[in-house]
Amino acid sequence: MNIALFGYGKMGKTIERIALERGHTIVAKIDFDTTDYDLSSADVAIDFSIPKEAFNNINLCFKNSIPIVSGTTGWLDKYDEAVANCKTNNGAFIYASNYSLGVNLFFELNKQLAKLMSKFDAYEVSLEETHHTQKLDAPSGTAITLAEGIIEQTSKEKWSLDVTEDEKTIPIISKRIENVPGTHVTSYTSEVDEIEITHTAKNRDGFALGAVIAAEWLKDKKGVFTMKDVLGI
Ligand SMILES: NC(=O)C1=CN([C@@H]2O[C@H](COP(=O)(O)OP(=O)(O)OC[C@H]3O[C@@H](n4cnc5c(N)ncnc54)[C@H](OP(=O)(O)O)[C@@H]3O)[C@@H](O)[C@H]2O)C=CC1
Ligand SMILES: O=C(O)C1=N[C@H](C(=O)O)C[C@H](O)C1
């Protein structure tokens, strides 16, 4: 499979290594200043770039009839527009805030725990995410997906980085520490105890492998999908 990479930073380079190990070919590596590239032989594109460029890269793929796996976070105010553009152009599109198998299982566990805990008002829920200091967006896309999972199962209505908001709001604490690939914690705290579930990425390989598997899955499809479709969960 011929892959075009939008974003050849920490994730782009990890995806390249894993894609080559799986027998694929990288036909384009596109960064901020890259002007001389050819998408004509690409079977699929994978975007791990920066929040303000992701939407343009996705639309470029739709216009060139290239299925696009989107991993960049922090641009989701335009997600509905991207979905509409995919449909207009009869394209193929997956967005996931996190492509790792472990985090996608954690998303399901988080929802099941939220459903159970919704019956016990002695506990208050909160989220914490910790990432490396180069991360441009906060909270992480993964923390937002976790918050959305809790909102789906409980009477919570929104999330906020302001931890002093009302009881309808899930507080999210964002921490930035050198070299942390990504750690997410959902906590339920009462006067007497605390229940926590944690996902800790040891490196970026899980994100990258998931993105390559999603690209293999999406290559010959049309439509808008999620990692739940890819993983069958
Ligand atoms: N969904 C998931 O599973 C995961 C998502 N992410 C997300 O992926 C994104 C990238 O993360 P990471 O690799 O760590 O970040 P990096 O900063 O290491 O890499 C980003 C790359 O994007 C490039 N870039 C800038 N502008 C453009 C453009 N217009 N088109 C294409 N590429 C461009 C940068 O190039 P230059 O250096 O020239 O500016 C840089 O090489 C982030 O949004 C992050 O949150 C990260 C891990 C997992
Ligand atoms: O920027 C990162 O590094 C990561 N970003 C994603 C996010 O915002 O959730 C996924 C992962 O946690 C790493």
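Indexing begins at 1, ligand by ligand and atom by atom, following the structure's order.
- In this structure the side chain of Asn98 never reaches within 4.5 angstrom of the side chain of Thr145, judged on heavy atoms.
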What are the atom names and distances for all N or O pairs under 3.5 Å between ligand 2 and the protein?
unit_1, atom_1, unit_2, atom_2, d
ligand 2, 1 (O), Lys135, NZ, 2.9
ligand 2, 3 (O), His132, NE2, 2.8
ligand 2, 5 (N), Lys135, NZ, 3.2
ligand 2, 8 (O), Thr73, OG1, 3.4
ligand 2, 8 (O), Lys135, NZ, 2.7
ligand 2, 8 (O), Gly141, N, 2.9
ligand 2, 9 (O), Gly141, N, 3.3
ligand 2, 9 (O), Thr142, N, 2.8
ligand 2, 9 (O), Thr142, OG1, 2.5
ligand 2, 12 (O), His131, NE2, 2.6

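- When only modelled atom types and interatomic distance are considered, Thr133 and Glu178 share a side-chain donor-acceptor pair under 3.5 Å.
- In this structure, Lys13 is positioned above the aromatic face of Tyr8, its NZ or CZ under 6.0 Å from the six-membered ring centre and within 45° of the axis.
- Annotation for Thr73 and Ser97: closest pair CG2-O, 4.0 Å, computed over non-hydrogen atoms.
- For Glu148, there are no salt bridge (Lys or Arg N to Asp or Glu O under 4.0 Å) partners, not counting sequence neighbours.
- For residues 76-94, there are no salt bridge (Lys or Arg N to Asp or Glu O under 4.0 Å) pairs, not counting sequence neighbours.
- The nearest pair of heavy atoms linking Tyr188 to Leu113 is CE1-CD2, 3.6 Å.
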List of N/O pairs, ligand 1 versus protein, all under 3.5 Å?
unit_1, atom_1, unit_2, atom_2, d
ligand 1, 1 (N), Gly71, O, 3.1
ligand 1, 1 (N), Ala96, O, 3.0
ligand 1, 1 (N), Ser97, O, 3.0
ligand 1, 3 (O), Tyr99, N, 2.9
ligand 1, 13 (O), Lys10, N, 3.4
ligand 1, 13 (O), Met11, N, 2.8
ligand 1, 18 (O), Lys10, N, 2.8
ligand 1, 18 (O), Lys10, NZ, 2.9
ligand 1, 30 (N), Asn57, ND2, 3.3
ligand 1, 32 (N), Gly7, N, 3.3
ligand 1, 32 (N), Ile30, O, 3.1
ligand 1, 35 (O), Asp31, OD1, 3.1
ligand 1, 38 (O), Phe32, N, 3.4
ligand 1, 41 (O), Gly9, N, 3.3
ligand 1, 41 (O), Asp31, OD1, 2.7
ligand 1, 43 (O), Thr73, N, 3.1
ligand 1, 43 (O), Thr73, OG1, 3.4
ligand 1, 45 (O), Thr73, OG1, 2.6
ligand 1, 45 (O), Lys135, NZ, 2.9

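- Smallest separation of non-hydrogen atoms from Gly12 and Leu5: O-CD1, 3.6 Å.
- A cation-pi contact, defined as under 6.0 Å to the ring centre and within 45° of the axis, is absent between Lys219 and Trp217.
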